[in-house]
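Take a look at the structure set out below.
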Amino acid sequence: METDSDSDGSHISATPPRYQNPPPPTNLLNSTKSKAKVKPSSRSEPKNPAKPKTSQPAPTPPNPTPLPTLPFQICRSFAPNTSTSAVNSLETLPAGFCSRHASFSKIQKSSLNFENDQSVPTPSNLESAKIRGEVLTKKKQQINLVSVDVPLPPVKLRKCNGEGNFVRLNLNGGKRKFVNKGKRNTSYKGKRTFRRSKRKLNKNETESKGDEDEDGLIIETVEHKQKNNRAASELVDEAVRAVRNEVSDENLGSLLKLVYGYDSFRDGQLEAIKMVLDKKSTMLVLPTGAGKSLCYQIPAMVLPGLTLVVSPLVALMIDQLRQLPPVIQGGFLSSSQRPEEVTETLRLIQEGAIKVLFVSPERFLNAEFLSIFSASSLISLLVVDEAHCISEWSHNFRPSYMRLRASLLRARLNVKCILAMTATVTTTSLHDVMSALEIPSSNLIQKAPLRDNLHLFISLSGNNRMKDLLMLMKSFPFKEVQSIIIYCKFQNYHSGIPAKDRSRIQELFSSNKIRVVVATVAFGMGLDKRDVGAVIHYSLPESLEEYVQEIGRAGRDGRLSYCHLFFDDISYFRLRSLMYSDGVDEYAINKFLCQVFTDGVNSCGKLCSLVKESASRKFDMKEEVMLTLLTRLELGEVQYLRLLPQLNVTCSLNFHKTTPTLLADKDKMVAAILKKSEIKQGQYVFDIPNVADSIASTAVDVSNHLLNLKVRGEITYELKDPAYCYTIMEVPSDFCSLSAHLTKWLSEVENCKVRKLDVMYNAAVFAVDVCEKMNGCDGSHHTPCLQKKILDYFRGDDNCDVIKKIGRSSPFLRADIKVFLQSNLHAKFTPRAVARIMHGIASPAYPSTIWSKTHFWGRYMQIDFQAVMEAAKAELLNFVGKDVV
Ligand SMILES: Nc1ncnc2c1ncn2[C@@H]1O[C@H](COP(=O)(O)OP(=O)(O)OP(=O)(O)O)[C@@H](O)[C@H]1O
């Protein structure tokens, strides 16, 4: 007997057709003509979908649960006060209850209104609607949300403007048409008119059908809906109670089936869920698309308190929030939200009305946020998503993730159980993460980093890479693939688009109205489009981790998918140069430390700030590097300072009602402002932390007080200069040794990044030049040898010699540096600054707008950066009248 379920529990490596009854094609690009050509081994659906030819277990589509058909509704209304159960009472349960995908796409559609900027679904309006539990089905009353009927506005191919990171590309020579072409100008009004006239025509018929509307849909009565919802809610509550009574495979399986519609857990999921429910901190390493989210979502339903998920990107948080099954009330906090929204979310957390909260690690700088948790046991589980970011030896180190140490989490947030999740981690980074989070080695669940439904191809691209790409797209199997992501490293290959269009493009791509998206790495993180059939790398990724992460966007439905990597030496040289763009010299770190601890020993307890832009130029250090150093000064072996939330620190103020001196008599903060201000063009200009420090207050209190005075009509003011704020805890006794220590650390991190790129390049060169094309490798197909390289690398066995393409010297280098210095007598240089220019790397003090004009810009990319620096140092020493460091 044929079955449509995958009872072995793993869909990851299966490669059969996706559904027993495939959905109707939504993309006109997949014309019937192209379908007719489908070969059995391609991703396309079988001709007779009801009878799959394969005898392999088919991956289970999200199966409808036995729950009643429910009306669609994005958010249910809820009464926070009554919400004490783990799964909130479901007053109005969405129709997407059984299928996350249904509910996800509806949320997106309903949330998109691009008619004006105001209505673009910002994280805040989307989420605040969700957490407020607004009934979004009242379409016309929603400012930010529109009917699903409203056609999306046209997508224009834009020229690069440096704002965005991906653009639609029609690689079919304009022959194929996008599905919504020609429909885009259909206005909402027009569509309504059409529907009204249709209603007129069918009046009698409609009346005779009673409850049926003009589209033949059954209009359910409110009572009917409520009854269904209550029944569904009771079933889930019952399943949750059963798991609480006994954490058995059977009870967890029932909950899975009921909420997600899945028949079985995938490899690693059940183990992780049970471990977490047993309150054991757990490290979970599963490949991309293996279903890690479910490993915290199910515990979130069962555990009594809040599940706090730390995520590195706001876009990722929003995606994860959207993907929560409707039975789990979610929320998120981000700096893009209005203060009222943050306050409302914090209130809901305290009331227990939010079960899963997404935050960025920077949120842990916020005193108000921390205070909610420090004295309570609100948090049942803390999830660290993309946990490799904790390790400086990972491909994606984030200084703010250093804040996620078990000791700090316990002390500040009362966290008892941690679940750390990642898909891409080497043994070294894994060790770092587990020790930072104090996860015992026995609590590691790790599966192979690659799914075996990905077929890996690789080729060295010639002089015309675009031509190579177009040929690839027109050849089998790529021409058959419906959904493709092309990853590019450099923006001049993919054109930027405004940020506000990104979510729209993601939506169009998700609904198969765009076939191909060209994007940078940021796109796709968190994108859970199950049927992406191919990922093409137009240029070399920076590391094998990045490669694995990006190819992991393909084949999440378990079907055979294709990944092609183009690489060439020039892109490699260019990327390798960029690896040096964060480097800093010891003397610059020393100067930086002097500024951070301005007043020397007397500055303990002082509230200070460092204006980002000016400091960045002054020390020729990127803002992220300054933040890395400040975070290290806070979280290293000695706590030298405590970072506070970033602020705009310079205030220019005008008094209106009461005279300044009279107001100062009544208000001590105004008195401090007058004392600390300079008067410029009639305005009082002062530094907020400086004023706060003088009256032993906080910068946040001063900001709030200013707002208050403004509301009373006493003042108006403007804020500028975004800055890092901090309180000094201890002044270093030896600046020199601290600078040396920090420089060494930063250079090790830099070397690690260079090494990762070299290993990536090495793997590519090996496949193309060295692989003997045995064991399954053939032509440009190199799945076996690349898989082996990846597995060895993740196991920490990457000691292979890196192919040395980078030169150590050039006969003209010194002479060119000399000419460069002579022709730029007006400027001061360090060896690093000269080497950056020779490598074509911009820095805050040497921006590309100015320095790319010199014809030496990027000329020595193929020579090792350190070697260029040494040559520059030697020339600077010879050069009279230049400062040499
Ligand atoms: N047991 C299961 N059976 C079938 N499908 C599942 C199962 N668990 C999860 N999925 C589906 O797999 C897809 C990927 O899940 P998810 O987004 O959690 O992956 P992930 O491991 O977090 O990936 P990434 O690392 O890329 O974020 C989702 O569509 C999810 O619904």
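Remember, predicted model here, so these are calculated numbers, not experimental data. Whatever order the structure lists ligands and atoms in, that order sets their numbers, starting from 1.
- Using a non-hydrogen distance threshold of 4.0 Å, Ala290 registers as a contact of ligand 1.
- The stretch residues 280-304 participates, sequence neighbours left out, in these salt bridge (charged side-chain N to carboxylate O under 4.0 Å, His left out) pairs: Asp278-Lys280.
- Between Arg556 and ligand 1, an N or O atom pair is found at a separation short of 3.5 Å.
- In terms of polar-atom proximity, Glu386 is not counted as a contact of ligand 1, lacking any N or O under 3.5 Å from an N or O of the ligand.
- Close N/O approach between Ser264 and ligand 1 is found [any backbone or side-chain N/O within under 3.5 Å].
- Each of Ser483, Ser510, Ser511 was compared with Lys529 under the side chain to side chain donor-acceptor pair (under 3.5 Å) criterion, and only Ser483 meets it.
- Under 4.0 angstrom from ligand 1, the non-hydrogen atoms of Tyr262 all belong to its side chain.
- Gln549 does not count as a contact of ligand 1, since none of its heavy atoms falls under 4.0 Å from the ligand.
- The shortest N/O to N/O separation between Ala423 and ligand 1 does not fall below 3.5 Å.
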- Check against side chain to side chain contact (heavy atoms under 4.5 Å, CB included), Leu456 and Leu565: CA-CA 8 Å; Leu456 310 179; Leu565 166 62; over 6 Å; no
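- Of all the atoms in ligand 1, the ones that sit under 4.0 Å from a non-hydrogen atom of Leu294 are 8 (N), 9 (C).
- Distances shorter than 4.0 angstrom do not occur between any heavy atom of Leu286 and any atom of ligand 1.
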